[in-house]
S.K.: 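Have a look at this one.
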Amino acid sequence: MVRRRRTRFIDVVIGLLLFRWARALFRKSGPEADACEEPEVDQSAQPSRDASERVPLPDFRPVVIDQPIVEFEPKPSAHDMEYRPDFLCDGWSSDTAMVRLASVRGYSHRYRGVPRQDDAVAVAYPPTGAVVFAVADGVSSAPYAHIGATRACRTVVGLLLRQLGSGAAAGWPEVIGDTAWHLVEYASRLPGVEGSNSAAAERLLATTLVAGVVTPAGDDLGVEAVQIGDSGAWLLDSRGYRPVLGSKTGDGDVVVPNAVQPLPRVPAAVLPQRFRVTRGEVLLVGTDGFGDPLGDGQGQVGQLFTRLLCRPSWPSPLEFAHVLDFSRETFDDDRTLLAIRPRQSVRGKANGNG
């Protein structure tokens, strides 16, 4: 009797298993299989819930050079007439040039809640492959220096693009004069200013300016640039940094005749500098927040940016901004830096040149 019950039980189990197997086979082969059947999931191939915890996060703590600045939580930038972010960064490549740009608020301004007074613009002009740029450093004593820097950059770049569109070469005296007049007109809208007043514009909006046009020149880049004030420009290669505009000496003295005349003052003679950026070189344009710690380029700051920019793979825009925001005692001014280097053209790559 016991043996019969056991045999019957086994038969029932086998029957159930065969029935379930047949039903599953029928459902998967039927016309509704794809729409109704949930796919079997390989659990071993699924990421675990804590997989994100194992992804390494980049270290964005400030790069420390020598003695760092004391750590603190920045105060919000004072908002008056125009929104001002703590930093900006940009980066792109055309067929002929690679561009990296960053502007970061200095540690002293972060501590006091003062807006970033630097600004910069770099724009591609596809019809000729040109790059039009401007870098400005608002004078710290001017209450609206941050606005002056922004207005100067956008105005001069707009005027240069308009000239390129007309097919004319850059008329620098006219461009700089019109940029200065724009600052005077803008100042007339500020509180306490009546009419167009150049003295009031200088008191409220004064800013330095370096502006230029970079054009393809064979495998190189041709540059034409003007300098108003003490922001500078350098050519960087494996041998070091070479100033291509007026620069400061090691004693901090400015050796450019118009260094004490920021916009809206216009020097009697607006003379552009012309030079080339060859393969293996990088054009750097920066405010003195970068130029002062750089010095002659032989110190730790110069070595840091040589490692960053004299390598085949260029930094991402965020990495570029991160390194520019280094922490070094006593160097706490706003920093702005534009880097441009020649890029192998698409045609050159296709032909196997360069």
Side-chain angles (χ1 to χ4, degrees), residues 63-66 91 93-94 96-102 104 120 122 131 133 135 137 210-227 230-256 259 271-317 319-326 328 331 333 335-345 348-349 353-354:
V63 177
V64 174
I65 299 178
D66 199 11
S93 295
S94 65
T96 57
M98 298 182 69
V99 174
R100 296 293 184 267
L101 181 152
V104 299
V131 177
F133 70 84
V135 172
D137 179 0
V210 175
V213 179
V214 181
T215 54
D219 288 337
D220 304 335
L221 296 174
V223 183
E224 186 172 295
V226 298
Q227 175 190 34
D230 60 356
S231 294
W234 306 260
L235 284 178
L236 166 65
D237 59 22
S238 58
R239 296 167 296 180
Y241 299 78
R242 176 167 61 91
V244 288
L245 300 176
S247 62
K248 289 184 176 182
T249 68
D251 297 328
D253 297 327
V254 178
V255 291
V256 285
L271 302 176
Q273 298 293 320
R274 298 179 178 89
F275 52 91
R276 284 200 172 208
V277 185
T278 63
R279 294 200 177 279
E281 293 182 327
V282 180
L283 170 64
L284 299 177
V285 183
T287 60
D288 58 3
F290 170 77
D292 286 352
L294 175 68
D296 61 6
Q298 298 182 14
Q300 295 181 58
V301 172
Q303 295 170 17
L304 174 65
F305 280 88
T306 297
R307 294 198 308 271
L308 182 72
L309 297 173
C310 289
R311 64 187 190 186
S313 61
W314 249 23
S316 70
E319 182 184 4
F320 184 75
H322 174 233
V323 174
L324 183 64
D325 196 23
F326 62 82
R328 188 176 190 184
F331 293 105
D333 196 6
R335 299 187 194 123
T336 298
L337 185 63
L338 169 68
I340 304 176
R341 78 173 187 182
R343 184 189 185 200
Q344 182 177 338
S345 67
K349 290 180 181 178
N353 298 328

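Quick caveat: nothing in here was measured; it's all calculated off a predicted structure. Heads up: numbering here begins at 1 and tracks the sequence.
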S.K.: With a 3.5 Å distance limit and no angle check, can you tell me whether Arg100 reaches the backbone of Pro315 through a side-chain donor-acceptor pair?
M.R.: yes

S.K.: Are Val214 and Val277 side-chain neighbours, meaning at least one heavy-atom pair lies under 4.5 Å?
M.R.: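 No, side chains not in contact.
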
S.K.: Show the nearest heavy-atom pair for residues Ala225 and Phe133, with the distance to one decimal.
M.R.: CB-CZ, 4.3 Å

S.K.: Is there a side-chain contact between Cys310 and Leu236 (heavy atoms, below 4.5 Å)?
M.R.: yes

S.K.: Do the side chains of Val223 and Val213 get nearer than 4.5 Å, heavy atoms only?
M.R.: no

S.K.: Out of curiosity, Arg343 CZ to Trp314 CH2, how far, rounded to the nearest 0.5 Å?
M.R.: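 Atom-to-atom, Arg343:CZ and Trp314:CH2 are 11.5 Å apart.
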
S.K.: Using modelled atom types only, decide if a donor and an acceptor are shared between the side chain of Glu319 and the backbone of Val323 within a distance under 3.5 Å.
M.R.: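 A pair under 3.5 Å: no.
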
S.K.: Looking only at heavy atoms, what is the nearest atom pair of Val63 and His322, with distance?
M.R.: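 Minimum heavy-atom contact is CG2-CE1, 4.0 Å.
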
S.K.: Working to the nearest 0.5 Å, report the span between CG of Leu235 and CZ of Arg276.
M.R.: 12.5 Å

S.K.: Can you tell me how far CG of Leu294 sits from CG of Leu304, rounded to the nearest 0.5 angstrom?
M.R.: 10.5 Å

S.K.: Grab the two heavy atoms, one from Phe320 and one from Leu337, that are nearest each other, plus how far apart they are.
M.R.: CE2-O, 3.5 Å

S.K.: Does the side chain of Asp220 reach to within under 4.5 Å of the side chain of Pro342, using non-hydrogen atoms?
M.R.: no

S.K.: For the residue pair Asp296 and Gln298, what are the closest heavy atoms and their distance?
M.R.: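 Closest approach of Asp296 to Gln298: OD1-N, 3.0 Å.
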
S.K.: Within the distance-only criterion (no hydrogens, no angle test), does the side chain of Glu281 pair as donor or acceptor with the backbone N or O of Arg341 below 3.5 angstrom?
M.R.: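 Flag not set: sc Glu281 to bb Arg341 has no pair under 3.5 Å.
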
S.K.: Provide the closest heavy-atom pair for Leu324 versus Ala102 in the form atom of the first, atom of the second, distance.
M.R.: CD2-O, 3.6 Å

S.K.: Only one of Val135, Val131, Leu284 forms a side chain to side chain contact (heavy atoms under 4.5 Å, CB included) with Leu338, so which one is it?
M.R.: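 That would be Val135; it is the only one of Val135, Val131, Leu284 passing the side chain to side chain contact (heavy atoms under 4.5 Å, CB included) with Leu338.
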
S.K.: On a heavy-atom basis, which atom in Phe331 and which in Arg335 lie closest, and how many Å separate them?
M.R.: O-NH2, 2.9 Å

S.K.: Is a side-chain N or O of Thr287 found less than 3.5 angstrom from the main chain of Thr336, in a donor-acceptor match?
M.R.: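 Side chain of Thr287 to backbone of Thr336, a donor-acceptor pair under 3.5 Å: yes, one is there.
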
S.K.: Is it true that Trp234 and Phe305 have ring centroids separated by less than 6.0 Å?
M.R.: no

S.K.: Measure the shortest side-chain to side-chain distance between Asp292 and Asp333 over non-hydrogen atoms and say whether it is less than 4.5 angstrom.
M.R.: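 When only atoms from C-beta onward are counted, Asp333 and Asp292 do not touch, as no gap falls below 4.5 Å.
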
